[in-house]
Number of protein chains: 2
Amino acid sequence: MPGPAFTLDRSSPVPLYFQVAEQFERAILEGTIAPGERIDNEVALAQRLGLSRPTMRQAIQVLVDKGMLVRKRGVGTQVVHGKIRRSVELTSLHDDLSAAGQKPRTEVIAVGRVEADEDVARELQLTKGADVWSLERLRFVDRQPLAHMHNYLPVDVVDLDAIDLSETGLYAHLRASGIVMRVARQRIGARGASVDEARLLGERKGAPLLTMQRTAYDNAGRAVEYGRHAYRPDLYAFELTLVDR
Amino acid sequence: MPGPAFTLDRSSPVPLYFQVAEQFERAILEGTIAPGERIDNEVALAQRLGLSRPTMRQAIQVLVDKGMLVRKRGVGTQVVHGKIRRSVELTSLHDDLSAAGQKPRTEVIAVGRVEADEDVARELQLTKGADVWSLERLRFVDRQPLAHMHNYLPVDVVDLDAIDLSETGLYAHLRASGIVMRVARQRIGARGASVDEARLLGERKGAPLLTMQRTAYDNAGRAVEYGRHAYRPDLYAFELTLVDR
DNA sequence: TATGTCCATATGTCATGACAAACGCTTGAC
DNA sequence: GTCAAGCGTTTGTCATGACATATGGACATA
């Protein structure tokens, strides 16, 4: 596959397998390695880079998990055909849009402390009536309303009053506050717009909306965020890549 | 964490790491290991089971990828809080429903060879106008129409005429035919029902529908299936678990 | 009391070596 | 000519050993 000469920095804190994976990914995205093309076998690659085979395997595994490479025993490893789309990750809509080069604008409709209803309490592992942050926002792209977002957070996780949420996304701020989200559970569905939603999103009552509910957990398994979102389906859709292992 | 005594069968063709992962998963689902509880460290576990640490790590990694366990360096590995839902996998709706204990019924509306339109040709990596299988079905659960499914397949992949598609699912048949699907790309959205869809699904025209488009690739990177599906949102939703790695 | 340092602990990374199993091609037998 | 057996290639699995690094508590210090 000769491809570009990969460089390794053994003094870097970035793990070697990750350095290799990054450079492979770039080569694939740039087309330096063509779709369908087979890459060298693991043993040869490892030797050429001065790595052990387990490390080389780990690097390849990263891209296999991303759906960019496919392994076949006895045959080799090759680049997957078709355009590579980024899979659904533990990011927010704000991150998604920023990555796509768009500039989202966010309008905070309401923020404050409320009593958790049954749904919110269950999802956040609290008792009903407990004090939680409630955050309601409207997101625009190109002056068009794209999503109506209602999030709930335990009060001991973060102080929402101290944040300017119209500038940065909620997730970006949580990360900056040292909150590490490790697992999230999502439910994607659809329903007709309520009167309020229709008004906010510039649609008619009953117009189809794409909905998403998400509960995010930190690395201690504690629920840190629960959100109910509604999207205009003509402006947004969820894309994901599934990999069978 | 003492937990149940895991058993290993070294003569089995099932990999050791997988045997361990399976038994761990069962213990977690059954509650033998409580949510939030820390499991023993990798070295001790490996020693107790007579395994090497890499193998033990590989077993744990399987469950970390599923979002059931969380690792913390310097601390340990613990069971995630909250109910575990199965993540979106490379399965079909038929599989999903069967796994949930329901008995889906399928009605084949039309099956035959057609010329690929632009969309189909692009997704299946064919030229426009090429001969492809077209399969249109309606899926019921408890006598209620749940989904309208329109799938396209390259003619050289399988012979749909030879199959009874009302009994087994399309994916089950593809697997039985030796077709291995490794990667799939999905796009989930929403829109209003067309007149035809409304009639088939027992809804009104313009009623919100949940839509999914999927292109599946085999292990050679060849597109083997493209489908456009529409679901009744009151009966179906997509659930997925995201894991940050 | 508050803060910084040290240390035990557990996971993260990496190397080396070995055998197993699947795939695809070639070769040989009938 | 067709089919089966054999073989090389490549990934899959597993063992052993070592050092790095983040975490959280104990302890010493200001």
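In the text below, chain A, chain B and the rest are named by the order of the sequence lines, each starting its count at 1.
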Under 4.5 Å between any side-chain heavy atoms of [X] and [Y], yes or no?
{"X": "H150(A)", "Y": "H229(A)", "result": "no"}
{"X": "L49(A)", "Y": "T55(A)", "result": "no"}
{"X": "V224(B)", "Y": "L153(B)", "result": "no"}

Atom pair distance, as rounded to whole Å: [atom1] in [X] and [atom2] in [N]:
{"X": "L69(A)", "N": "dT11(D)", "atom1": "CG", "atom2": "P", "result": "11 Å"}
{"X": "L45(A)", "N": "dA15(C)", "atom1": "CG", "atom2": "P", "result": "14 Å"}
{"X": "K72(A)", "N": "dA22(C)", "atom1": "NZ", "atom2": "C1'", "result": "12 Å"}
{"X": "L49(A)", "N": "dC14(C)", "atom1": "CG", "atom2": "C1'", "result": "14 Å"}
{"X": "Q47(B)", "N": "dT16(D)", "atom1": "CD", "atom2": "P", "result": "11 Å"}
{"X": "Q61(B)", "N": "dC14(D)", "atom1": "CD", "atom2": "C1'", "result": "17 Å"}
{"X": "Q58(A)", "N": "dC14(D)", "atom1": "CD", "atom2": "C1'", "result": "16 Å"}
{"X": "R73(B)", "N": "dT11(C)", "atom1": "CZ", "atom2": "P", "result": "11 Å"}

Just to confirm, is there a sub-4.0 Å distance from OP1 or OP2 of [N] to any side-chain nitrogen or oxygen of [X]?
{"X": "T55(B)", "N": "dC14(D)", "value": "no"}
{"X": "R10(A)", "N": "dA15(C)", "value": "yes"}
{"X": "Y17(B)", "N": "dC14(D)", "value": "no"}
{"X": "R71(B)", "N": "dG12(C)", "value": "yes"}
{"X": "R57(B)", "N": "dT11(C)", "value": "no"}
{"X": "T77(A)", "N": "dT10(D)", "value": "no"}

Open item on the list: Taking the basic N atoms (NZ, or NE/NH1/NH2) and the acidic carboxylate oxygens, is any pair closer than 4.0 Å for R228(B) and E136(B)?
Closed with: no

Task: Basic-acidic side-chain contact under 4.0 Å: E115(A), K128(A) - done: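 Salt bridge absent between E115(A) and K128(A).
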
Nearest to the side chain of [X], which nucleotide is it out of [options]?
{"X": "V43(B)", "options": "dA10(C), dT16(D), dT11(C)", "value": "dT11(C)"}
{"X": "V75(A)", "options": "dA22(D), dC14(D), dG24(C)", "value": "dG24(C)"}
{"X": "R53(B)", "options": "dT13(C), dT13(D), dG12(D)", "value": "dT13(C)"}

TODO: Indicate, with a heavy-atom threshold strictly under 4.0 Å, whether P15(B) touches base, sugar-phosphate, or nothing.
DONE: sugar-phosphate

Task: Position toward the 5' end of DNA chain D (nearest nucleotide), P54(A) or G74(A) - done: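 Looking at DNA chain D, the more 5' nearest nucleotide goes with G74(A).
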
Task: 5' priority, DNA chain C, between E42(B) and M56(A) [closest heavy atom] - done: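 The 5'-side residue here is E42(B).
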
